[in-house]
Structure formats: C-alpha cells, structure tokens
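None of the values given here were measured: they were computed from a predicted structure.
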Amino acid sequence: MIHDLILKNIARHISLDKEETACFISSLKQRKVSKKEFILQGEEVCKYINFVHSGTLRAYYLDKAGKESTIMFAVSDWWITDIFCFINQQPAMLTIEAVEESIIFQLSKDELDRLYIKIPKFERFFRVIFQNAYIREQLRTIQNLSLSAGERYHIFLNKYPQVVKQVTQKQIASYLGITPEFLSTIRGHKHKK
C-alpha cells in the first residue's frame, strides 16, 4: 500500500485507529515530482508540508547574487517544508526542488489545522516533528560556528549516509557552507589518511 511508509512514520509518535487513519489519508495529496522540478519557489506562499515517500528533495536559499545555500535535504521517510513560511502562510524564503524523481505526500496548512481539531493527537505528532527540526538546526548552527569544515563534513557523512548517496558533492558543499573545490580538498585529505 502506497501509504504504508507515511503511516509507519506517524506510528513512531502516535497511534491511529482505522477511522483516524482514513481521515489522515484523505487529507493528503499525492504528487509525483520530476528531477529538478520545484515544489516550492521563493516568493510563492508555502502551502504544504511534504513527506518524501521516495526520492530526494533539497531546500535552499537563493541570495540576491544568485548564490544557493542548501538548508536541508529530505530523503525517503523524511518531512520537508519552509517551516516559518508554512506556519505563517507567507511567501517562501526557500526553494524546494527534487534532486531526483520523487513521490511525495503533501499536507496543506488548512488540512493540518483540521487534523488538529478532528484528531488532537496530531498536535503531539507535529510538535515532535517541529521540535526535532529545531534541535537539528540549532546543533547545525553551533557546529558551523565551532567546528572546522572537515569536522562538519565528517559529521555529515556519519549522520546522513543515505543523503550522501543521493546528492551531488556541490550540494553537500553548499550545505556545509564551503566551495566545491574546498570540499574536494577535504575529501582528498580524508582519502590519504
């Protein structure tokens, strides 16, 4: 069943009965996304939080000079959105694109709010998801301030081996805040050791 993965993801934090499961599934929009297709672009109102069923997505910030800074990746069984703009229904600060052909489930802000009322335990589920995202970003910020690029790369490799297999070295360098050339140097030193 196509919904098995997202239901297992939900079941890590809350239990749903058959009626609640049916209600949740009916609130989702399934979407097939082609490689390099955008599911969110800057200035577009962020209407959805997205669950990756298969494939890989990347969220990045595009500055005025056209430089991309990767903020996050999402592979199968992960959630992704521009959280600030989704919660506040504002124009996106991030662009989210498919790194490869992907199947996602989208949950709109309106549907999420309906779920909170109809099935209050979803407030717990999304609180856990959002707090985990906040913790991850806080740790990443501290690592960016306190660790060398080499140390950050090593942590990235160990923490996200499934992401490393799906994205380009240029995208990893963008996530680490370094140039692709500097990442090549780091990787060269790693292989020499």
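The nearest pair of heavy atoms linking P91 to C85 is O-SG, 3.0 Å. Scanning both residues, V52 and V75, for their nearest heavy atoms gives CB-O, 3.4 Å. For the pair Q171 and T70, the tightest heavy-atom approach, listed with the atom from each and the gap, is O-OG1, 3.6 Å. Taking all atoms of both residues into account, the shortest heavy-atom contact from K67 to D63 is N-OD1, 2.8 Å. Contact detail for S102 and G55: the closest heavy-atom pair is OG-CA, 3.4 Å. Nearest heavy atoms, I39 versus E44: O-OE2, 4.0 Å.
The shortest side-chain heavy-atom distance between T179 and L183 does not fall under the 4.5 Å cut-off. Side-chain contact check for E181 versus T185: every heavy-atom pair is 4.5 Å or farther apart. Contact annotation: the side chain of F73 never approaches that of L57 to less than 4.5 Å [non-hydrogen atoms, C-beta and beyond].
A donor-acceptor contact shorter than 3.5 Å links the side chain of S148 to the backbone of E151. Side-chain atoms of N50 do not come within 3.5 Å of backbone N or O of I104 as any donor-acceptor pair. At distances below 3.5 Å, at least one donor-acceptor pair connects side-chain atoms of S146 with backbone N or O atoms of I142. With hydrogens and angles ignored, the 3.5 Å screen pairs a side-chain donor or acceptor of R124 with a backbone N or O of H13. For the pair Q89 (side chain) and C46 (backbone), a donor-acceptor distance under 3.5 Å is present. Proximity of a side-chain donor or acceptor of Q166 to a complementary backbone N or O of V163 within less than 3.5 Å is not detected. Panel note: side chain S69, backbone Y61; no donor-acceptor pair is recorded below 3.5 Å.
Heavy-atom neighbours of K109 NZ from other residues, nucleotides or ligands within 6.0 Å: above the threshold of 12. Counting heavy-atom neighbours within 6.0 Å of K118 NZ, excluding the residue itself, gives a total of 12 or less. Within 6.0 Å of CD on Q131 lie more than 12 heavy atoms contributed by other residues, nucleotides or ligands. When the shell of 6.0 Å around CZ of F130 is examined, it contains more than 12 heavy atoms from other residues, nucleotides or ligands. Within a 6.0 Å radius of CZ in F38, more than 12 heavy atoms belonging to other residues, nucleotides or ligands are found. Around NZ of K170, the count of heavy atoms belonging to other residues, nucleotides or ligands within 6.0 Å does not exceed 12. The environment of NZ in K121 is crowded: more than 12 heavy-atom neighbours from other residues, nucleotides or ligands sit within 6.0 Å.
Transitive grouping of hydrophobic side chains (ILVMFWY, heavy atoms separated by less than 4.5 Å) keeps L28 and Y48 in distinct clusters. Side-chain heavy atoms closer than 4.5 Å link hydrophobic residues (I, L, V, M, F, W, Y) into clusters, and following such links, even through other members, never connects Y60 to I172. Linking ILVMFWY side-chain heavy atoms closer than 4.5 Å, directly or via other members, places I2 and I6 in a single hydrophobic cluster. Hydrophobic clustering (side-chain heavy atoms under 4.5 Å, transitive across Ile, Leu, Val, Met, Phe, Trp, Tyr) groups V99 together with L157. Connection of F84 to V45 is not established within any shared hydrophobic cluster, with ILVMFWY side chains joined at heavy-atom distances below 4.5 Å, either directly or through further cluster members.
The distance from atom CG of L115 to atom CG of D110, rounded to the nearest 0.5 Å, is 11.5 Å. In this structure, the separation between CE on M93 and CD1 on I83 is 10.5 Å, given to the nearest 0.5 Å. Atoms CD1 and OG1, from I96 and T81 in turn, are 5.0 Å apart once rounded to the nearest 0.5 Å. Rounded to the nearest 0.5 angstrom, D82 CG and I71 CD1 are separated by 9.5 Å. Taking CG of L147 as the reference point, atom CG of L176 lies at 11.0 Å (rounded to 0.5 Å). To the nearest 0.5 Å, atom CG of residue L94 and atom CZ of residue R58 are 11.0 Å apart.
Side-chain contact of T141 with Q138: a donor-acceptor pair under 3.5 Å is absent, judged by distance alone. If you check the side chains of T56 and E100, you find a donor sitting under 3.5 Å from an acceptor. Inspection of the W78 and N9 side chains reveals no N or O donor paired with an N or O acceptor under 3.5 Å.
Separation of the W79 and F105 ring centroids does not fall under the 6.0 Å cut-off.
Qualifying ring-ring contact (aromatic ring centres under 6.0 Å, His included) partners for F24, counting only residues two or more places apart in sequence or in other chains: F122.
In this structure, E101 pairs ionically with K32, as a charged nitrogen and a carboxylate oxygen lie closer than 4.0 Å.
Under a cutoff of 6.0 Å and an axis angle of 45°, R140 and Y175 form a cation-pi pair.
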Steps toward side chain to side chain donor-acceptor pair (under 3.5 Å) verdict (E111, S108): CA-CA 5 Å; E111 288 294 335; S108 72; 5.0 Å; no
